[in-house]
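When a residue number appears, it is its place in the shown sequence, counting from 1. A quick note: this is a predicted structure, and the numbers were derived from the prediction, not measured.
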Amino acid sequence: MQAYLARRIILGGLTALLVSLLIFAILRIAPGDVAMMIAMEITGGEASDITEEDLQAIRESVGLNAPLPQQYVNWLFDILRLDWGTSMFSGTEVWAEFKSRIPITLQLVIMAQGLAISLGIPAGVIMALRRDTWIDYVVRIFSLAGLSVPSFWTATLLLVGGMYLLDWNPRLKYVPFVDDPVENLKQFIWPAVMLGYISSATQARMMRSTMLEVLRQDYIRTAHAKGLRAFVVVYRHTLKNALIPVVTVIGVTFALTMGGSIIIEQIFSLPGIGRLMIEGMNQRDYPVVQSLVTVFSMWVVFVNLLVDLTYGVLDPRVRYD
């Protein structure tokens with residue numbers, strides 16, 4: 001087990017290293033001069049007032065005049081020391097900005113996945129137990145809509161419909177949970193529903209398929225023949241074995257939900273790291289984008305590791321020797 005964990009941690013570190021190298025290269029290859037963008041923001045958009053000496057001074061101040069390999073190595077060592085640099089435009093420390101915004105994104109992701117799991121898994125079980133009935137067809141159509149319609153589109157429809165039909169607008173100013181729990185949950189519930197809808201649909205479809213496969217097994221028929229109650233057969237013998245593929249889907253959707261929060265936070269004006277990522281990409285703010293993309297990649301690696309370890313809990317036959 002220890003050897004397996006060590007291998008996965010090493011592979012996760014190499015994955016994050018590769019992702020950081022790719023995003024570093026992509027940002028540098030993209031057209032445009034960041035020094036010019038910073039200078040135009042300082043001068044209020046007047047390019048005629050900017051000289052080459054001004055651009056050189058800006059490059060010197062933000063570290064863009066060093067060779068690219070040196071820039072990458074310096075940034076890599078800094079991020080390992082939790083020194084993520086400062087924003088090229090706002091001048092704030094990226095690490096401090098990250099610490100202040102990550103609770104918002106984590107709350108959104110956890111609420112979205114909590115709703116997805118609490119709705120998706122029971123829906124999949126019901127569809128499997130009521131196969132080819134009207135309940136099965138209705139829930140399948142509902143889950144298919146979740147797989148077909150993007151979350152940003154349903155979120156936009158919710159905002160437009162709320163404004164025109166119900167005279168409702170989401171709160172634009174973030175309310176911390178410790179200050180006002182009720183207002184905080186009211187602010188997060190609809191973004192969480194929009195973000196978790198797709199995940200719940202995916203989990204429901206997978207749960208239905210695996211439940212049907214397990215229900216056809218001989219040991220399930222034997223359990224029914226022994227006179228066990230239907231609830232006992234489903235809970236003890238069917239559900240646990242059917243959950244293993246579903247756990248994989250939950251892990252994938254949990255990781256993808258972090259990425260999906262980028263758009264949802266922008267739509268609902270939530271000041272999380274997703275919104276910070278959009279702002280950094282629009283300004284080509286190298287320290288912000290590089291650091292956050294590395295965090296997203298490590299999040300995916302960490303979730304996949306948790307999923308693999310969960311297999312051993314659900315099925316004692318799984319070993320990592």
Side-chain angles (χ1 to χ4, degrees), residues 1-16 18-19 105-106 108-129 131 136 139-140 142-151 192 194-217 219-220 234-262 264 295-321:
M1 185 66 172
Q2 289 82 1
Y4 172 78
L5 287 175
R7 288 198 305 269
R8 289 302 302 269
I9 292 173
I10 293 173
L11 289 175
L14 293 176
T15 301
L18 179 61
V19 170
T105 300
L106 285 180
L108 176 61
V109 170
I110 292 173
M111 287 182 62
Q113 279 301 302
L115 290 171
I117 294 172
S118 60
L119 294 176
I121 292 180
V125 173
I126 292 172
M127 286 191 291
L129 297 178
R131 180 186 177 187
D136 183 24
V139 180
R140 283 165 65 182
F142 185 76
S143 60
L144 184 62
L147 294 173
S148 305
V149 182
S151 59
M194 296 295 102
L195 192 58
Y197 179 33
I198 296 177
S199 298
S200 66
T202 306
Q203 295 169 18
R205 300 284 293 183
M206 179 58 71
M207 193 72 219
R208 179 183 184 275
S209 300
T210 56
M211 279 285 293
L212 290 176
E213 182 179 351
V214 174
L215 287 172
R216 299 190 187 101
Q217 300 299 317
Y219 67 89
I220 298 297
V234 171
Y235 179 74
R236 288 188 179 179
H237 301 283
T238 308
L239 186 60
K240 194 171 184 179
N241 291 302
L243 274 176
I244 295 179
V246 180
V247 168
T248 305
V249 174
I250 292 175
V252 172
T253 56
F254 203 86
L256 293 177
T257 302
M258 179 69 84
S261 65
I262 295 176
I264 296 298
V295 169
F296 281 124
S297 64
M298 291 304 299
W299 171 261
V300 174
V301 171
F302 176 71
V303 170
N304 286 332
L305 178 60
L306 287 183
V307 168
D308 287 346
L309 297 179
T310 307
Y311 291 157
V313 177
L314 294 175
D315 191 348
R317 296 172 297 177
V318 176
R319 291 293 180 267
Y320 297 105
D321 298 334

Query raised in the report: Side-chain contact, heavy-atom cut-off 4.5 Å: M111 with L195?
Result: no
Query raised in the report: Distance from I121 atom CD1 to I126 atom CD1, nearest 0.5 Å?
Result: 12.0 Å
Report summary line: For S199 and T257 the tightest heavy-atom approach is OG-OG1, 3.5 Å
Query - Pairwise side-chain contact, Q113 with Q203, heavy-atom cut-off 4.5 Å (strictly under) - result: yes
Query raised in the report: Would you call F142 and L119 a side-chain contact if the rule is heavy atoms closer than 4.5 Å?
Result: no
**Report entry** OG on S297 to CZ on F302, rounded to 0.5 Å
**Finding:** 14.0 Å
Query raised in the report: Nearest heavy-atom pair of T253 and I250: which atoms, and what distance?
Result: OG1-O, 3.0 Å
Query raised in the report: How far apart are the closest heavy atoms of A204 and A123, and which atoms are they?
Result: CB-CB, 4.1 Å
Requested in this report: Provide the closest heavy-atom pair for L129 versus M211 in the form atom of the first, atom of the second, distance.
Outcome: CD2-CE, 4.4 Å
Query - Shortest non-hydrogen contact from L108 toward A192 - result: CD1-N, 3.7 Å
Query raised in the report: Can you tell if the side chain of M206 reaches within under 4.5 Å of the side chain of T210, non-hydrogen atoms only?
Result: yes
Query raised in the report: Shortest non-hydrogen contact from S118 to P122?
Result: O-CG, 3.1 Å
Report summary line: d(M298 CE, T15 OG1) to nearest 0.5 Å is 8.5 Å
